[in-house]
Amino acid sequence: MSEGLQQWCAEQLASAGQALLPLEQVAGDASFRRYFRARLEGGRSVIVMDAPPEKEDSRPFVDIAGRLSTAGIHAPQIIACDLTRGWMLLEDLGDRLYKQAFEEGDSEALMTQIFSVLERQARDVDCRGMPAYSAEKLQTELDLFPDWYLARERLAPFTDAEHFQWQELCALLLHNADEQPQVFVHRDFHSCNLMYLDGEAPGVIDFQDAVRGPITYDLMSILLDRYIAWPRSKLETWMEAFRARVAPTTSVQEWRRWCDWMGLQRNLKIIGIFARLSHRDGKNGYLGLIPRFADYVRDVVNRYPELQGYSPLLEQRL
């Protein structure tokens with residue numbers, strides 16, 4: 001941590017009658033942001049976020065935190081911020097992730113807690129003025145798969161004929177996203193971005209890239225988690241449970257297709273992102289997660305007759 005940031009933290013806390021004790025770095029994310037925990041007198045703590053403004057725009061974080069809090073969703077309270085320097089003091093939601101809670105606890109009860117957050121996101125968060133999860137944005141994300149995973153990681157780019165097939169598949173996925181109700185979408189709603197708060201509603205973090213988009217996107221983010229694989233029967237049970245909450249007039253068959261195809265779009269994107277993190281940013285630790293997402297892709301492509309023709313296109317490269 002820079003001396004300037006440490007001095008700023010001390011000044012902010014001093015104005016609240018708190019003295020700054022030694023800081024410790026805490027786990028970050030795939031961005032350029034860094035996080036520190038500041039221990040305070042009396043056993044309390046706060047989180048310090050350092051987001052270099054030339055690399056990270058913190059204004060969406062502030063905006064979305066306010067929208068979530070207004071809707072009754074537990075986003076970390078912003079205690080102080082300096083947007084010109086990318087510095088923030090945030091409420092400390094602790095270290096216990098839902099990833100750990102799932103490994104140790106009752107998955108049904110935990111998923112019910114999470115569904116309550118998802119329902120509020122879909123029903124109560126004001127997403128007016130937020131960026132749309134447009135077809136152009138979704139296509140740009142899909143293109144990460146051939147551009148970074150196939151061309152850079154596998155060294156096996158599409159031929160011209162295969163690229164035409166790829167565009168056909170993308171068109172199906174984009175139409176699937178467009179026909180769904182458009183609501184608040186976190187975009188990275190998984191078990192390491194949800195904080196377990198001892199029986200309270202989950203704390204939600206890492207939401208700065210939120211958009212207005214398809215209602216099934218965040219659902220499939222948590223169901224097809226990067227660290228926890230659930231049996232298909234459980235996935236379908238949870239898909240149906242959430243449909244009953246937010247889209248009871250949508251048929252089971254249509255809802256399941258919305259879910260599965262939305263998950264397919266997201267998982268192709270994620271494989272591309274993990275390859276990009278390795279080849280562009282030197283962050284190789286995500287490559288080991290690709291096989292799980294490749295399995296998700298295979299499962300959905302082989303599950304739907306409309307998609308089965310694209311299985312050879314993907315299977316030989318996954």
Side-chain angles (χ1 to χ4, degrees), residues 29 31 33 49 51 56-78 81 83 88 90-91 93 98 111 113-142 173-195 201-224 238-239 241-250 254-255 257-259 261-267 269-270 273:
D29 50 35
S31 73
R33 292 179 293 272
M49 185 171 81
E56 301 286 347
D57 182 1
S58 294
R59 290 173 296 179
F61 183 95
V62 175
D63 175 46
I64 299 302
R67 293 174 189 259
L68 293 176
S69 296
T70 299
I73 296 170
H74 196 155
Q77 176 190 359
I78 299 174
C81 70
L83 291 175
M88 287 191 206
L90 304 171
E91 174 190 4
L93 299 183
Y98 265 76
M111 196 64 79
Q113 293 175 349
I114 291 171
F115 280 5
S116 294
V117 173
L118 282 172
E119 184 175 359
R120 285 197 170 188
Q121 288 185 178
R123 293 191 185 278
D124 300 334
V125 175
D126 180 4
C127 54
R128 289 175 297 180
M130 290 179 58
Y133 219 167
S134 63
E136 292 76 16
K137 187 182 290 288
L138 290 164
Q139 182 65 63
T140 298
E141 293 179 347
L142 282 165
L173 301 183
L174 296 182
H175 178 72
N176 176 73
D178 182 63
E179 67 181 350
Q180 298 180 34
Q182 304 295 295
V183 302
F184 176 91
V185 175
H186 179 291
R187 285 183 76 194
D188 208 13
F189 195 87
H190 60 77
S191 63
C192 288
N193 282 335
L194 296 171
M195 310 305 298
V204 180
I205 62 172
D206 204 16
F207 43 72
Q208 60 282 334
D209 294 324
V211 293
R212 178 176 54 83
I215 194 170
T216 62
Y217 191 93
D218 283 344
L219 172 67
M220 298 315 293
S221 297
I222 189 65
L223 295 188
L224 303 181
W238 282 332
M239 287 180 201
F242 195 61
R243 183 195 69 84
R245 281 176 174 247
V246 299
T249 61
T250 302
E254 182 175 36
W255 178 260
R257 174 175 59 81
W258 282 359
C259 290
W261 291 25
M262 194 75 257
L264 178 58
Q265 186 276 341
R266 182 175 186 274
N267 292 327
K269 173 192 78 170
I270 287 174
I273 286 175

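Keep in mind the model is a prediction, meaning the values are calculated, not measured. The chain is numbered in sequence order, starting from 1.
Side-chain contact check for Glu91 versus His74: some heavy-atom pair is nearer than 4.5 Å. Side-chain contact between Leu142 and Leu174 is present, with heavy atoms from C-beta onward closer than 4.5 Å. Annotation: side chain of Phe207 is in contact with side chain of Pro76 (closest heavy-atom distance under 4.5 Å). The closest side-chain heavy-atom distance from Pro214 to Tyr133 is below 4.5 Å. In this structure, the side chains of Leu223 and Met111 come closer than 4.5 Å at one or more pairs of heavy atoms.
Annotation: the span from Met220 atom CE to Gln265 atom CD amounts to 12.0 Å, rounded to 0.5 Å. Once rounded to the nearest 0.5 Å, the distance linking CG of Leu68 with CG of Asp124 reads 11.0 Å. Residue Asp63 holds its CG atom at 12.0 Å from CD of Gln208, rounded to the nearest 0.5 Å. If you take CD1 on Ile270 and CD on Glu141, they are separated by 9.5 Å, rounding to the nearest 0.5 Å. Taking OG1 from Thr250 and CD from Glu179, the interatomic distance works out to 10.0 Å, rounded to the nearest 0.5 Å. Residue Phe61 holds its CZ atom at 11.0 Å from CG of Asp209, rounded to the nearest 0.5 Å.
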*Assess whether side chain to side chain contact (heavy atoms under 4.5 Å, CB included) is satisfied between Met49 and Glu56, documenting all intermediate values.*
CA-CA 11 Å; Met49 185 171 81; Glu56 301 286 347; over 6 Å; no
*asked:* One pair to check against side chain to side chain contact (heavy atoms under 4.5 Å, CB included): Ile222 and Leu118. What are the steps and the verdict?
replied: CA-CA 10 Å; Ile222 189 65; Leu118 282 172; 4.2 Å; yes
*asked:* Walk me through whether Trp238 and Ile114 qualify under side chain to side chain contact (heavy atoms under 4.5 Å, CB included).
replied: CA-CA 11 Å; Trp238 282 332; Ile114 291 171; over 6 Å; no
*side chain to side chain contact (heavy atoms under 4.5 Å, CB included) between Met130 and Ile64, worked out*: CA-CA 9 Å; Met130 290 179 58; Ile64 299 302; 3.7 Å; yes
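Using a 30° and 60° split on the angle between ring planes, Phe115 and Phe242 fall in the tilted class, from 30° to 60°.
Nearest heavy atoms, Arg245 versus Glu119: NH1-OE1, 2.7 Å. Listed here is the closest heavy atom pair of Cys192 and Ile205: O-CD1, 4.0 Å. The shortest heavy-atom contact between Thr216 and Cys259 is CG2-SG, 3.8 Å. The nearest pair of heavy atoms linking Gln121 to Phe184 is O-CB, 3.3 Å. Counting all heavy atoms, side chain and backbone alike, Leu194 lies closest to Val204 at CD2-CG2, 4.0 Å. Smallest separation of non-hydrogen atoms from Met88 and Ser58: CE-CB, 3.6 Å.
Between the side chain of Arg67 and the backbone N or O of Asp126 there is at least one donor-acceptor pair closer than 3.5 Å. Between the side chain of Arg212 and the backbone N or O of Val183, no donor-acceptor pair lies under 3.5 Å.
Contact check on Arg266 versus Asp188 returns a salt bridge, with a Lys/Arg side-chain nitrogen under 4.0 Å from an Asp/Glu carboxylate oxygen.
Gln180 and Asp178 are not linked by any side-chain donor-acceptor pair at a separation below 3.5 angstrom, with hydrogens and angles left out of the test.
No more than 12 heavy-atom neighbours from other residues, nucleotides or ligands sit within 6.0 angstrom of CZ on Arg120.
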